[in-house]
**Q** 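Can you keep this structure in mind? I'll have questions shortly.
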Amino acid sequence: MIATRKALIFDVDGTLAETEEAHRAAFNQAFADALLPWHWDRDLYCELLKITGGKERIRHFVESADGDECHLDVGFIADLHAEKTRHYTRIVDSGELSLRPGVHALISHARASGIRLAIATTTSLANVEALLVAAFGPTGMDLFPVIAAGDMVAHKKPAPDVFLEALRQLDLEPADCLALEDSVNGMRSAMAAGLDTLVTPSAYTREEDFGGAYAVLPDLGVLEAADWDLSRVRQFTPV
Ligand code: XBP
Ligand code: MG
């Protein structure tokens, strides 16, 4: 049973909600505002998502597709990414995004069962706050006393840093926790931190290979239907 775990450590983008189309729109709006001739369509963004972190993703795009040296300036990228974050949080504040199936129920069940909640994400803290407030109201951030996000760690996913930081703040052993992820980068990060990882692939990660995952489910509604019994979903055939 999930109640045997002392904490759940949630990824954000793709796991709590299908957010990447909003991120993609925010990137493209920031590029347009800066009069840059860049547009990331879905196919290109699916490739670029292999690079975690918005600033790192922009840098990779400049190095691989734009080539203009002045676009590699750290300050240029930071300012462009800050504009992107402004657009993204505005999209989230508008209420356009909703939690994925089963997420709200699992969070409620965990709270009722005394299971602690944490976040380990590559996205920016401002984006986490926007999503939690939009989904749970003004006190949404209080649901997750432990939040490891974005630039809090030196190396982004698939490095284990952000999950190790969440475990440090929780002061728990990996075996006492369960990670919830949507991407192979995220799964590798969590597993490298020693965590069992339950994967619910998202729109952009559906074709990825989740070999080694604790379980691969279409969404967390399956876990609720299994009455929160992890042993029952463990045999669930990968999507
Ligand atoms: C997914 C990411 C993030 C988002 C964009 O994070 O890799 O970079 O795509 O957000 P998660 P930023 O670990 O939650 O799946 O532009 O703030 O990085
Ligand atoms: Mg994710």
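Whatever order the structure lists them in is the order used to number ligands and atoms, beginning at 1. What you see below is based on every heavy atom in this structure, not just the backbone, and it leaves out hydrogens, waters and symmetry mates. This is a predicted model, so every value here is computed, not measured.
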**Q** Could you pull out all residues at least two apart from Ser183 that satisfy side-chain hydrogen bond (donor to acceptor under 3.5 Å, both in side chains)?
**A**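 Partners of Ser183 by the side-chain hydrogen bond (donor to acceptor under 3.5 Å, both in side chains) criterion come out as none, since no residue qualifies.
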
**Q** Salt bridge or not between Arg100 and Asp182? Use side-chain N to carboxylate O under 4.0 Å.
**A** no

**Q** With heavy atoms of Thr52 as the reference, note each atom of ligand 1 found under 4.0 Å away.
**A** 7 (O)

**Q** For ligand 1, which part of Lys55 has a heavy atom less than 4.0 Å away: the side chain, the backbone, both, or neither?
**A** neither

**Q** Just to be sure I read this right, does ligand 1 sit under 4.0 Å from the backbone of Lys156, its side chain, both, or neither, counting only heavy atoms?
**A** neither

**Q** Any atom of ligand 1 sitting under 4.0 Å from a heavy atom of Gly53?
**A** yes

**Q** Would you check if Ile119 and Leu132 make a side-chain contact, meaning some heavy-atom pair closer than 4.5 Å?
**A**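 With C-beta onward as the side chain, the pair touches.
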
**Q** With a 3.5 Å cut-off and sequence neighbours excluded, list the donor-acceptor pairs that the side chains of residues 166-178 form with protein atoms.
**A**
{"unit_1": "Arg168", "atom_1": "NE", "unit_2": "Glu165", "atom_2": "OE1", "d": "2.9"}
{"unit_1": "Arg168", "atom_1": "NH2", "unit_2": "Glu165", "atom_2": "OE2", "d": "2.7"}
{"unit_1": "Gln169", "atom_1": "NE2", "unit_2": "Glu165", "atom_2": "OE2", "d": "2.7"}

**Q** Any heavy-atom pair between the side chains of Met141 and Ile147 that's under 4.5 Å?
**A** yes

**Q** Can you count the protein N, O or S atoms that lie less than 2.8 Å from the Mg ion (ligand 2)?
**A**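 My tally for this metal is 3.
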
**Q** Examine the proximity of ligand 1 to Asn127 and report which part, side chain or backbone, both or neither, has a heavy atom under 4.0 Å away.
**A** side chain

**Q** Side chain or backbone, does Gly54 bring an N or O within less than 3.5 Å of an N or O on ligand 1?
**A**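 Yes: some nitrogen or oxygen of Gly54 is under 3.5 Å from one in ligand 1.
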
**Q** Got the closest protein heavy atom to atom 17 (O) of ligand 1, with its distance?
**A** Ser124 OG, 2.6 Å

**Q** Can you list the steps and then say if Phe61 with Ile51 is a side-chain contact (heavy atoms from CB on, under 4.5 Å)?
**A** CA-CA 10 Å; Phe61 173 74; Ile51 307 296; over 6 Å; no

**Q** Pick one of side chain, backbone, both or neither for how Asp11 approaches ligand 1, counting any non-hydrogen atom pair under 4.0 Å.
**A** side chain

**Q** Taking only residues two or more places apart in sequence, or in another chain, which ones meet His155 in a side-chain hydrogen bond (donor to acceptor under 3.5 Å, both in side chains)?
**A**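 By the side-chain hydrogen bond (donor to acceptor under 3.5 Å, both in side chains) rule, His155 matches Asp161.
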
